[in-house]
Amino acid sequence: MDNADLKATARSLVAKGKGILAADESTPTIKKRFDAIQVESTAANRQAYRELLFSAPGIEAFISGVILFDETLRQTAADGTPFTRVLADRGIIPGIKVDRGAKPMAGFPGEKITEGLDGLRERLEEYRQLGARFAKWRAVITIAHTLPSRANIEANAHALARYAALCQEAGLVPIVEPEVLMDGDHDLARCETATARTLQAVFDALFHQRVDLEGMLLKPNMVISGLDCPQQADVESVATRTVNLFGKVVPAAVPGIVFLSGGQSSLVATAHLNAMNAIGRQPWELSFSYGRALQEDTLKTWGGDTARVAEAQNVFLLRSKCNGAARYGEYNAAMENTAT
Ligand code: 13P
């Protein structure tokens, strides 16, 4: 595989004004999202919901790629067109979640290691044939009393690098996602330290394992207060601390940083991305790969009701548009009230 293709795909995924929709919830995770709106998690309902997202009019102006789950990659729209084709026909690049989930790490209570490397080469080959052009692997790092441990960070970094090398061999752009979780009452400084340690270990492993940094994207957390921290940092602090840290630990060869939302509300996630881009030009594109922050309002509006599909698609378009504006640092709260 020519790395030029990988680099071009990576750059397209972080094209100006656009970002990624993470719609790769595993079957247990989408069940949780559907439970919250009292919709049964059947294959038919999952298909209907994903079709609502992927066919929303106008989103291709703001959405460069969509991360799918295995089941969705194999599903079709109601008219029989494969979802990968529905997306590709709109100029939206299909991607695939390839990890097999974060499992408790033996010997390290409270910490998790992501599984899924065995047989990955063969799975990647099939995913490429099915139309995927990029992939995602998520590692989770937990902040608690004495955590994260060095062993946990290093084990996860090693797996991320092995995954990334296999993706590039298969002609898929790896999205490397080390997520330092927001759970806990820790402050911004602790998140910053844990994120710095994690990213240093991840880039060390990527370098050792000969991953081409120009043909990958980083999907990290922001430097942000723990969800239960009594002193929540303001938007400006999150933006400056995040950009400053990344300037020290993320090589300029990486074409883009696509943030996860990780439990931030839709509006806060957009405001943070906007504030980071308002700081000015950086070595990498600063973009989004949001799951919950792009979908929460859409899910609520839909509520499983076919009569509300168009309204829900409008809500999704508005969130995509607001985040698209945040890519330029041009988002403002008044946009929330504009008709799409
Ligand atoms: P959130 O934006 O909901 O954190 O999801 C992004 C994602 O893909 C997590 O792996």
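First listed ligand is number 1; within each ligand, the first listed atom is number 1. All heavy atoms count here, side chains included; hydrogens, waters and symmetry mates do not.
Its side chain within the 4.5 Å cluster rule, Val180 clusters with Ile141, Ile143, Ile153 among the Ile, Leu, Val, Met, Phe, Trp and Tyr residues. Cluster partners of Met105 are Phe108, Ile113, counting Ile, Leu, Val, Met, Phe, Trp and Tyr whose side-chain heavy atoms approach within less than 4.5 Å, directly or via other members.
With 3.5 Å as the limit, one finds no donor-acceptor pair spanning the side chains of Arg308 and Thr301.
Contacts of Phe203 classified as ring-ring contact (aromatic ring centres under 6.0 Å, His included), with partners at least two apart in sequence or in another chain: none.
The CD1 atom of Ile67 sits 11.0 Å away from the CZ atom of Arg138 when rounded to the nearest 0.5 Å.
Pocket lining of ligand 1, defined as residues with a non-hydrogen atom under 4.0 Å away: Ala22, Asp24, Lys136, Arg138, Glu177, Lys219, Leu260, Ser261, Gly262, Ser289, Tyr290, Gly291, Arg292.
The backbone N or O of Leu13 lies less than 3.5 Å from a partner atom in the side chain of Ser64, making a donor-acceptor pair.
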